J.: 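My questions all concern the structure below.
Computed from a predicted model, the values in this text were never measured in an experiment.
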Amino acid sequence: MDRLHIKGGAHLNGRIPVSGAKNSALKLMVACLLTDQPITLTNMPSLADTRFLAQLMETLGVEVYWPKGESTCHLNGAELKSTIAPYDQVRKMRASFNVLGPLIARSGHATVSLPGGCAIGARPVDLHLQALEAMGADLRVEQGYVKAAAIHGLKGAHINFSMPSVGATEHAMLTATLAEGETVLENAAREPEIEDLANCLNSMGAKITGAGTSKIRIQGVEKLNGTTHAVMPDRIEAGTYAMAAAAAGGDVTLEGAPVAALGAMISKLKEAGVTVEADEAANTVRIVRNGTRLKSVNVSTQPHPGFPTDLQAQFMALMSLADGTSIIRETIFENRFMHAPELQRLGAEILVRGQEAIVKGVPQLTGAPVMATDLRASVSLVIAGLAAEGETVVNRIYHLDRGFERLEEKLNACGASIERRSGDDE
């Protein structure tokens with residue numbers, strides 16, 4: 001099992017290119033199930049998760065041409081050979097559950113395993129299933145699979161989500177593009193990745209308005225066409241590298257950053273005393289911190305446009321070095337403080353109390369062996385390791401490879417000292 005060896009203490013200086021957004025790319029790939037014409041996705045991040053989904057697409061009969069090392073992925077679902085998404089594939093990644101609605105919309109039936117993914121809370125799929133049932137799908141859950149059919153096709157519906165779920169909003173939007181009549185999604189999630197998906201679907205001939213607001217309207221069409229679409233830049237990756245630069249100190253410019261989507265994160269970094277220069281026209285964000293101690297800042301995760309839950313672990317690593325005490329409140333997932341004990345191994349002073357983590361900043365962290373527990377937690381340990389004195393060894397980095405493309409390469413180019421070693425090396 002691979003691990004990262006990080007020699008901390010070096011400032012980061014240089015430029016980091018931001019990859020395509022994992023959370024957008026996964027749903028854009030699923031869109032190929034809605035048409036018999038080819039889809040080309042550019043700026044595709046080559047990650048464990050996107051490669052897993054490509055394998056599932058091939059299982060369903062989609063032709064996938066995506067050479068290793070390339071950022072352009074060609075998908076052609078001209079003839080689907082299966083409407084069954086097996087447990088062995090869906091369990092690896094929660095987003096693969098979103099094939100269910102498009103398969104029903106295209107083929108009239110589907111059998112899809114209940115999903116897996118990171119162990120950061122229950123994350124039930126009830127809202128997904130309620131939306132599909134509202135559109136006329138007949139659903140049964142048997143032996144860990146959702147068996148679905150819509151013999152007479154799907155119909156538009158008025159769907160009011162009990163909470164603004166990103167996954168359920170995207171799933172309903174994908175499915176409704178081929179449903180008869182109009183679908184209205186109320187209390188929809190407003191994340192930028194939803195806008196990206198809507199833009200792609202509209203370029204395929206869908207009729208979607210309101211994406212990025214809490215009310216989305218989808219007028220169903222009979223057929224969707226192929227398209228070429230560039231995956232939006234990853235705001236979580238951009239925020240992660242911004243916090244890495246703030247923790248380690250130095251002067252780093254993020255290139256190709258989705259500046260408009262980073263408002264909440266930028267405001268918290270500025271509050272902590274970090275110099276942030278955001279240029280929306282140039283798509284760059286410059287992070288500068290030289291010598292000054294960080295200030296403690298309280299943060300509460302919220303749906304977009306609030307502070308993202310996917311940056312909470314990284315922010316905790318940053319606040320572990322701040323002057324004063326921070327309170328970090330997690331409102332999205334109920335089990336997302338698993339990184340706290342690992343940060344404590346590096347010398348962080350953190351008290352977890354229900355949905356809150358009380359972080360008393362320390363002047364210095366010290367390297368130690370730690371273990372990644374989920375995707376975002378794993379990169380918080382990298383951030384802490386970059387700022388720590390001595391060597392930090394991060395184990396179980398397969399979590400990291402699910403969401404960060406060429407992480408060591410990007411950070412090492414700015415002066416970090418990170419080495420990947422396999423379990424056989426010692």
J.: How close do Met338 and Pro341 get, counting heavy atoms only, and between which atoms?
T.: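 Here Met338 and Pro341 meet closest at O-CD, 3.3 Å.
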J.: Using the side-chain contact (heavy atoms from CB on, under 4.5 Å) rule, take Ser296 and Thr325 through it: C-alpha gap first, then chi angles, then the decisive distance, then the call.
T.: CA-CA 6 Å; Ser296 60; Thr325 299; 5.6 Å; no
J.: Arg289 side chain to Thr292 main-chain N or O, any donor-acceptor pair under 3.5 Å?
T.: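 Looks like yes, one N/O pair under 3.5 Å.
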J.: A side-chain contact here means heavy atoms from C-beta on lying under 4.5 Å apart; do Trp66 and Thr50 qualify?
T.: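 Yes - at least one pair of side-chain heavy atoms lies under 4.5 Å apart.
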J.: Find the distance between CG (Leu365) and CG (Leu386) and round it off to the nearest 0.5 Å.
T.: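 Those atoms lie 11.0 Å apart.
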J.: Measuring from Leu400:CG to Asp2:CG, what's the distance to the nearest 0.5 Å?
T.: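 One finds 10.5 Å between CG of Leu400 and CG of Asp2.
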J.: Applying side chain to side chain donor-acceptor pair (under 3.5 Å), name anything that partners Thr309, two or more places apart in sequence or on another chain.
T.: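 Expected list: Glu330, Arg336.
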J.: Counting C-beta onward and ignoring hydrogens, is there a side-chain heavy-atom pair between Met316 and Val359 closer than 4.5 Å?
T.: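 The answer is yes, as the side chains (C-beta and beyond) meet within the 4.5 Å cut-off.
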J.: Show, in sequence, the C-alpha distance, side-chain angles and deciding distance for Ile287 and Leu12, and conclude whether the side-chain contact (heavy atoms from CB on, under 4.5 Å) test is met.
T.: CA-CA 10 Å; Ile287 309 293; Leu12 301 179; over 6 Å; no
J.: Return yes when atom OH of Tyr65 has more than 12 non-hydrogen atoms of other residues, nucleotides or ligands closer than 6.0 Å, and no otherwise.
T.: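 12 or below, so no.
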J.: Can you tell me how far CE of Met371 sits from CD1 of Ile397, rounded to the nearest 0.5 angstrom?
T.: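 Ile397 atom CD1 to Met371 atom CE measures 14.0 Å (nearest 0.5 Å).
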J.: For the residue pair Leu127 and Phe161, what are the closest heavy atoms and their distance?
T.: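 Residues Leu127 and Phe161, closest heavy atoms: O-CE2, 4.2 Å.
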J.: Under 4.5 Å between any side-chain heavy atoms of Pro115 and Val125, yes or no?
T.: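 Touching, per the 4.5 Å side-chain cut-off.
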J.: So, do Leu254 and Glu237 sit near enough that their side-chain heavy atoms are less than 4.5 Å apart?
T.: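 The answer is no, as the side chains (C-beta and beyond) never meet within the 4.5 Å cut-off.
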J.: What I want to check is whether the side chains of Arg396 and Ser378 have a donor and an acceptor closer together than 3.5 Å.
T.: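 Not at all, the side chains of Arg396 and Ser378 share no donor-acceptor pair under 3.5 Å.
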J.: Of all the heavy-atom pairs spanning Ala198 and Ala211, show the shortest one and how long it is.
T.: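 Taking every non-hydrogen atom into account, CB-CB, 3.5 Å.
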J.: Apply side-chain contact (heavy atoms from CB on, under 4.5 Å) to Cys73 and Val64, showing your working.
T.: CA-CA 7 Å; Cys73 175; Val64 181; 4.2 Å; yes
J.: Kindly compute the distance separating OG1 (Thr177) from CG (Leu224), expressed to the nearest 0.5 Å.
T.: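 CG of Leu224 is found 4.5 Å from OG1 of Thr177.
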J.: Could you list all the side chain to side chain donor-acceptor pair (under 3.5 Å) pairs where at least one residue sits in residues 6-18, not counting sequence neighbours?
T.: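 Every pair satisfying side chain to side chain donor-acceptor pair (under 3.5 Å) with a residue in residues 6-18: Arg15-Glu255.
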J.: Could you tell me whether a side-chain N or O of Arg3 sits under 3.5 Å from a main-chain N or O of Val393, the two making a donor and an acceptor?
T.: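 Flag not set: sc Arg3 to bb Val393 has no pair under 3.5 Å.
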J.: Is the backbone N or O of Asn298 less than 3.5 Å from a side-chain atom of Lys268, with the two atoms forming a donor-acceptor pair by type?
T.: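 Checking the backbone N and O of Asn298 against the side chain of Lys268, a donor-acceptor pair under 3.5 Å is found.
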J.: Pair up each side-chain donor or acceptor in residues 16-30 with any protein partner under 3.5 Å, not counting sequence neighbours, and list the distances.
T.:
{"from": "Ser19", "atom 1": "OG", "to": "Glu405", "atom 2": "OE1", "distance (Å)": "2.8"}
{"from": "Ser19", "atom 1": "OG", "to": "Lys410", "atom 2": "NZ", "distance (Å)": "2.7"}
{"from": "Lys22", "atom 1": "NZ", "to": "Asp49", "atom 2": "OD2", "distance (Å)": "2.9"}
{"from": "Ser24", "atom 1": "OG", "to": "Asp196", "atom 2": "OD2", "distance (Å)": "2.6"}
{"from": "Lys27", "atom 1": "NZ", "to": "Glu170", "atom 2": "OE1", "distance (Å)": "2.4"}

J.: Using the rule side-chain contact (heavy atoms from CB on, under 4.5 Å), only one of Thr227, Leu75, Thr72, Asn76 pairs with Thr40; which is it?
T.: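 With Thr40 as partner, side-chain contact (heavy atoms from CB on, under 4.5 Å) holds for just one option, Thr72.
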J.: Between Tyr241 and Phe404, how do the two ring planes meet: parallel, tilted or perpendicular, split at 30° and 60°?
T.: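 Tyr241 and Phe404: perpendicular rings.
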J.: Could you walk me through whether Val274 and Val288 pass the side-chain contact (heavy atoms from CB on, under 4.5 Å) test, one step at a time?
T.: CA-CA 6 Å; Val274 179; Val288 183; over 6 Å; no
J.: Hey, are the side chains of Leu100 and His128 touching, using non-hydrogen atoms and a 4.5 Å cut-off?
T.: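 No, side chains not in contact.
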J.: Would the distance check show the side chain of Thr301 and the main-chain N or O of Thr331 forming a donor-acceptor pair, the cut-off being under 3.5 Å?
T.: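 The answer is yes, because a donor-acceptor pair under 3.5 Å joins these two groups.
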J.: Donor-acceptor pairs are to be reported for all side-chain atoms of residues 244-251 against protein atoms at under 3.5 Å, with residues two or more places apart or in another chain.
T.:
{"from": "Asp251", "atom 1": "OD1", "to": "Arg286", "atom 2": "NE", "distance (Å)": "2.9"}
{"from": "Asp251", "atom 1": "OD2", "to": "Arg286", "atom 2": "NE", "distance (Å)": "3.3"}
{"from": "Asp251", "atom 1": "OD2", "to": "Arg286", "atom 2": "NH2", "distance (Å)": "2.5"}

J.: Evaluate the salt bridge (charged side-chain N to carboxylate O under 4.0 Å, His left out) criterion for residues Asp36 and Lys223: first the C-alpha distance (whole Å), next the side-chain angles of each, then the deciding distance (0.1 Å), finally the verdict.
T.: CA-CA 9 Å; Asp36 59 4; Lys223 181 179 171 60; 3.0 Å; yes
J.: Looking only at non-hydrogen atoms, find the nearest pair between Ala105 and Leu178 and report the distance.
T.: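 Heavy atoms of Ala105 and Leu178 come nearest at CB-CB, 4.0 Å.
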J.: How long is the straight-line distance from CZ of Arg345 back to CG of Leu343, given to the nearest 0.5 Å?
T.: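 Reported value, rounded in 0.5 Å steps: 11.5 Å.
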J.: Just to verify, what does Gln89 make a side chain to side chain donor-acceptor pair (under 3.5 Å) with, not counting sequence neighbours?
T.: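 Residues passing side chain to side chain donor-acceptor pair (under 3.5 Å) with Gln89: Thr59.
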J.: Could you check whether any side-chain heavy atom of Pro164 comes within less than 4.5 Å of a side-chain heavy atom of Arg190, counting everything from C-beta outward?
T.: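 Pro164 vs Arg190: side chains apart.
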J.: Quick one, Lys215 and Val184 - any side-chain contact, counting heavy atoms below 4.5 Å?
T.: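 Yes, close enough: below the 4.5 Å cut-off.
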J.: So do Gln314 and Ile236 actually touch side chain to side chain, heavy atoms under 4.5 Å?
T.: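 Side chain of Ile236 against side chain of Gln314, heavy atoms only: contact under 4.5 Å found.
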J.: Mark yes or no for whether Arg293, through its side chain, and Leu321, through its backbone, hold a donor-acceptor pair below 3.5 Å.
T.: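 Side chain of Arg293 to backbone of Leu321, a donor-acceptor pair under 3.5 Å: yes, one is there.
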J.: Tell me if the CD atom of Gln344 is crowded by more than 12 foreign heavy atoms within 6.0 Å.
T.: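 Counting neighbours around CD of Gln344, more than 12 heavy atoms of other residues, nucleotides or ligands fall under 6.0 Å, so yes.
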J.: Counting N and O atoms only, with roles assigned by atom type, does the side chain of Asn43 sit under 3.5 Å from a partner on the main chain of Val231, one being a donor and the other an acceptor?
T.: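 Answer holds: yes.
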J.: How many angstroms lie between CG in Leu201 and CD1 in Ile218, if you round to the nearest 0.5 Å?
T.: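 Nearest 0.5 Å value for the CG-CD1 distance: 9.5 Å.
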J.: List for me each residue that meets side chain to side chain donor-acceptor pair (under 3.5 Å) alongside Gln219, sequence neighbours excluded, and say none if there are none.
T.: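 With neighbours one apart ignored, the set is empty.
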J.: Please check: side-chain N/O of His171 versus main-chain N/O of Gly101, any donor-acceptor pairing under 3.5 Å?
T.: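 Yes.
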J.: Write down the atom of Gly77, the atom of Arg106, and the distance for their closest heavy-atom approach.
T.: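 Smallest interatomic distance, heavy atoms only, reads O-NH2, 2.6 Å.
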J.: Mind listing the closest non-hydrogen atom pair of Val259 and Asp279 along with its distance?
T.: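 In terms of heavy atoms, the two residues are closest at CG2-O, 3.8 Å.
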J.: Checking Glu419 side chain against His5 main chain: does a donor-acceptor pair fall under 3.5 Å?
T.: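 Side chain of Glu419 to backbone of His5: no pair is present.
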J.: Donor-acceptor check, side chain of Gln364 to backbone of Ala387, threshold 3.5 angstrom: yes or no?
T.: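 Checking the backbone N and O of Ala387 against the side chain of Gln364, a donor-acceptor pair under 3.5 Å is found.
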